[in-house]
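One structure below.
The chain is numbered in sequence order, starting from 1.
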Amino acid sequence: MAGDALVLCLHASLLLLVLEIGCVSADGIEVERATASGDFIIGGIFPLHEDVDKENISFEPHLKPCIRFEGRRLVKILGMINAIETVNRSPLLSDLNVTLGYHILDSCSDVGTALRATAEFMQQSDCSTSTCAQPVMAVIGASHSETSIAMARQLTLKMIPQISYSSTAVILSDKARFPAFMRTIPNDEHQTAAMTSLLSSFGWSWVGIVTTDGNYGQSALDHFVSQASLKGICVAFKSVLPQSVTSPDNSLAIRDTVETIIKNPKVQVIVSFVKPTHMMDLFLELRDQTLRAGQSMESMKRVWVASDSWSTSGSLKGNLTLDDIGPVVGFTFKSGDLSSFNEYLSQLEAAGPESTRNNSFIHEFYVHLNSSRHSGDPELVSRAVSKLREHAYADAIFNVEMAVSAIAQAVASICRERDCKTPRAVQPWEVLRALRMEEFKLRGQSYKFDGRGDMNLGYDVCMWRSQRGHDVVAEYHPHNNSFTVTNSITTQDLHLLRLVVSRCSNSCVPGEFKKTAEGQHTCCYECINCTENYYSNNTDMDQCLSCDVDTEWSPQGSSGCNLKVLLFFSWQDGFAIVLLAFSVLGIILALLVSALFLHQRDTPVVKAAGGPLSQAILFSLVVSYVSAMLFVGRPNRLQCKARQVLFGISFTLCVSCILVKTLQILLAFQFNPGLQRALRRLYQPYVVVSICVALQAATCICWLVLKSPFSTTIKLPTELLEDCDEGSNLAFGVMLGYIAVLAFVCFICAFKGRKLPQHYNEAKFITFSMLLYLISWMLFVPVYVTTTGVYLPAVEMVVILISNYGILSCHFFPKCYVILFKKEQNTKSAFRKNLYEFSSRSRDTDSGVYMSEKQSSNFVSIISVSSLYSPSALNPAEERDCREETCCSGLHRRSTSRHCLRRSTSI
């Protein structure tokens, strides 16, 4: 009870200091006001009370009495009075002999009461008689946007400039509707942008909003939701409270809001655009419902983001602490220097009961209240001033001082050009024009209203403290939407805020993307892994990004792309090294065999192997081995063109030479003498070889000219395979098919002569080598057509090596063995003996082999003459031996010697 009495005495003392009850309304209600005379009168509207008494409902227009007096709001009134007195003493006005007066009224936080006050200001402007009071040239106020909007519509009729110190509704920046309205603060568009940036910086994407049902609350809500969506922030719930704190629906709305908060435990951050009284009631109800539910106080904790309307109230009721409600982060307007205002309060305190001597306003107010006994108590005055100091918020005083300074500068700019002492010499609209055009200074800093009549200086970010109100921990800069942290913020503050998680769904890690169900908030989602060749490299990405599939790849759920590995049949590959070793070995063996055959060129074995043709075969094999080596390494244009062409022509030369040898066997089996004679005339070995090779060369030239092979890159899922594209598969097939036809002819011809003498018979070896070639290439074709891979060139390389080694092994190694290790068989006598034995076996029908006269004679002719005994190689004695021992006696004893010799020398 003693505390309540002290508060009442304090309120009374403060009223004695600054308020004047100047008149009585028609309803008998005393209207509180503060006035001071001057050449220019500035009106002031301040919400000294929280509401009006709405219990007595009447249809008759009447002034409602103000209730719920708030002593802390006196600081704004005193700030205006101090600013006016200060500027009157400044050279700006004193040099012009001009003074500012004031006419301050209480809006009682009620729009109707504020409109009545505005009407009073306008009546003074309308009065034109000499007995009228000085007109109001500008109005400072109101506090709440709802009130300012209503006042602005009235003041616009007379274009009386209005400067608000705390109304932030965005609609007031519309100069088409409110051309006379200005303010010394930013509008809520910037405050909501600052809030969303703060929420985004801490990753709070699932928030609730509490606001009032007036223009201010609705405007703030709309702009916050709009800007939050751009930052990926979702509003879980919106709770709207009545504008009036004494509304009968207020308690119910508070209770419903608390129930909504409790039902949304994932919402750990709540943004509030309400009055301080609303928030105190909400905190108390949240505590009560938490306790009734049997939950700990820890469960009621949230992060509260406070708008400028209550961020500096800094007071809690009902034994609540910040440990109970959670951190409070608020946005306040930029602050100024309080030194002048503190000095003014000190003067009031020092003056005590003597303050009425220098202040007619206070004197008239004391007289009207007849309460001088209270003002005479020095201790009570001291306590009253101390209480005012506690609520002297630097941002509120600074904004009021800027409004007074702006008006003073406008008046000074007008009075420099004309006489302002004459009553009504200056009109309000002229002051409005000067306000919009002129800069003004306050404590050495220059300021100017922007094109929308706003003063966009940014915001201070404050945090409530348990013991000392609040500290400014950061500054917000609207021009680049950024924050600057001050020294007041601690590591513990940041750690506390970063621990708070306010999300509908857990964050999607890199490698995942958010999938939102239809009809849900975008902040409520499930995390889905990115598919192959897609990735996400940040948290909570809405969609996965695509890799460059030409050069990159990624597995499912990847956070980045991997470069595709470049593959080709490399020189460093182990398999390639083995194949290259075989190729080099083949070249060496072919060269060694060629050297051996050149050295033994006059021996029967070398002559039986074809003589010069064997050197052509060995040369072609060397080129073929070289072409096989071109299948190794990173493909290029020249390599792709050369490798197939070299192999095709070289192996065609090889098979053509073998074909010439097999054609000899074919001629031996021609029993028709006429056909045989024709074939003998057409049979020219080197011509046949040249024609066969020329056809293949023509095919390759057409291939290179029309659609030649080229290097290409095959895009595999995780790799890039560099290979040679044959250009024309038809040409490639014709080239291989042509060789296959020649090899098949060789195979057929050689197969028929497989029973010739063992030591000099090449038919069996030709048969085996051609069969090996045909089988290997028949296996290669389906593999080549149906598969791709880094080892596909190796497959063709293997087939080429098999073909080369088959010919080298079957055609030359046996003869090298005879030359090197069976020298006794590499003589003419051994050859004649072998033919004799073979001819004897051929006549023996019991052996199971029967040969006719023509067959036997042709075999002898082929082997003895074509392979060994050319006419120039035989002397007369040898010719006789051949006729007697081989031709006539060995094969066909009924033939004459002349006939045998003619047949043996005819090829």
Distance in Å, [X] [atom1] paired with [Y] [atom2], rounded so as to fall on 0.5 Å steps:
{"X": "Leu808", "Y": "Ser624", "atom1": "CG", "atom2": "OG", "result": "11.0 Å"}
{"X": "Leu792", "Y": "Phe631", "atom1": "CG", "atom2": "CZ", "result": "9.5 Å"}
{"X": "Leu545", "Y": "Asn533", "atom1": "CG", "atom2": "CG", "result": "13.0 Å"}
{"X": "Thr652", "Y": "Gln696", "atom1": "OG1", "atom2": "CD", "result": "3.5 Å"}
{"X": "Asn804", "Y": "Ser809", "atom1": "CG", "atom2": "OG", "result": "10.0 Å"}

Donor-acceptor pair, side chain of [X] and main chain of [Y], under 3.5 angstrom:
{"X": "Asp540", "Y": "Cys508", "value": "yes"}
{"X": "Arg634", "Y": "Glu722", "value": "no"}
{"X": "Asn264", "Y": "Thr260", "value": "yes"}
{"X": "Tyr459", "Y": "Gln191", "value": "yes"}
{"X": "Ser594", "Y": "Ala590", "value": "no"}
{"X": "Lys641", "Y": "Arg637", "value": "no"}
{"X": "Lys564", "Y": "Trp553", "value": "no"}
{"X": "Gln644", "Y": "Cys700", "value": "no"}
{"X": "Arg302", "Y": "Val267", "value": "yes"}
{"X": "Asn636", "Y": "Gln639", "value": "yes"}

For the rings on [X] and [Y], is their centre-to-centre separation under 6.0 Å?
{"X": "Phe812", "Y": "Phe597", "answer": "yes"}
{"X": "Trp703", "Y": "Tyr738", "answer": "no"}
{"X": "Phe513", "Y": "Tyr534", "answer": "no"}
{"X": "Tyr625", "Y": "Tyr805", "answer": "yes"}

Could you pull out the closest heavy-atom pair between [X] and [Y], with the gap in Å?
{"X": "Glu552", "Y": "Leu563", "value": "CG-CD2, 4.0 Å"}
{"X": "Thr196", "Y": "Ala193", "value": "OG1-O, 2.9 Å"}
{"X": "Gln556", "Y": "Glu532", "value": "N-CG, 4.0 Å"}
{"X": "Leu496", "Y": "Pro327", "value": "CD2-CG, 3.7 Å"}
{"X": "Gln227", "Y": "Glu189", "value": "NE2-O, 3.1 Å"}
{"X": "Phe813", "Y": "Leu589", "value": "CZ-CD1, 4.0 Å"}

Going by heavy atoms in the side chains, are [X] and [Y] under 4.5 Å from each other?
{"X": "Val271", "Y": "Trp204", "value": "no"}
{"X": "Cys746", "Y": "Leu659", "value": "yes"}
{"X": "Phe780", "Y": "Leu736", "value": "yes"}
{"X": "Val632", "Y": "Leu579", "value": "no"}
{"X": "Leu221", "Y": "Lys238", "value": "yes"}
{"X": "Pro635", "Y": "Cys724", "value": "yes"}
{"X": "Val225", "Y": "Ile209", "value": "yes"}
{"X": "Phe619", "Y": "Leu653", "value": "yes"}

Would you say that more than 12 heavy atoms from the other residues, nucleotides or ligands in this model lie under 6.0 Å from the [atom1] of [X], or not?
{"X": "Lys301", "atom1": "NZ", "result": "yes"}
{"X": "Asp548", "atom1": "CG", "result": "yes"}
{"X": "His477", "atom1": "NE2", "result": "yes"}
{"X": "His495", "atom1": "NE2", "result": "no"}
{"X": "Phe732", "atom1": "CZ", "result": "yes"}
{"X": "Asn487", "atom1": "CG", "result": "no"}
{"X": "Phe202", "atom1": "CZ", "result": "yes"}

The test is side chain to side chain contact (heavy atoms under 4.5 Å, CB included); show your working for Met629 and Leu580 and say whether it passes.
CA-CA 6 Å; Met629 298 174 69; Leu580 288 171; 4.0 Å; yes

Can a donor-acceptor pair be found between the side chains of Gln492 and Thr490 at a distance below 3.5 Å?
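Short answer, no.
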
Under 3.5 Å, is there a donor on one side chain and an acceptor on the other for Glu512 and Ser536?
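No.
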
Cysteines Cys524 and Cys234 with SG distance under 2.5 Å:
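Cys524 does not pair with Cys234 as a disulfide (SG atoms not under 2.5 Å apart), so no.
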
Would you say Cys544 and Cys530 have SG atoms less than 2.5 angstrom apart?
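Judged by the SG atoms alone, which are under 2.5 Å apart, Cys530 and Cys544 are bridged.
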
May I have the step-by-step check of side-chain hydrogen bond (donor to acceptor under 3.5 Å, both in side chains) for Tyr476 and Asn481, ending in yes or no?
CA-CA 7 Å; Tyr476 174 74; Asn481 195 25; 2.6 Å; yes

Take the angle between the ring planes of Phe483 and Phe331 and call it parallel below 30°, perpendicular above 60°, tilted in between.
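Rings of Phe483 and Phe331: tilted, 30 to 60°.
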
Let's go through Cys504 and Cys523 carefully: what are the C-alpha distance in whole Å and the side-chain angles of both, what is the deciding distance for disulfide (SG to SG under 2.5 Å) to 0.1 Å, and is it a yes or a no?
CA-CA 6 Å; Cys504 181; Cys523 297; over 6 Å; no

Test of understanding: with disulfide (SG to SG under 2.5 Å), list the residues that count as partners of Cys692, not counting sequence neighbours.
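Partners of Cys692 under the disulfide (SG to SG under 2.5 Å) test: none.
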
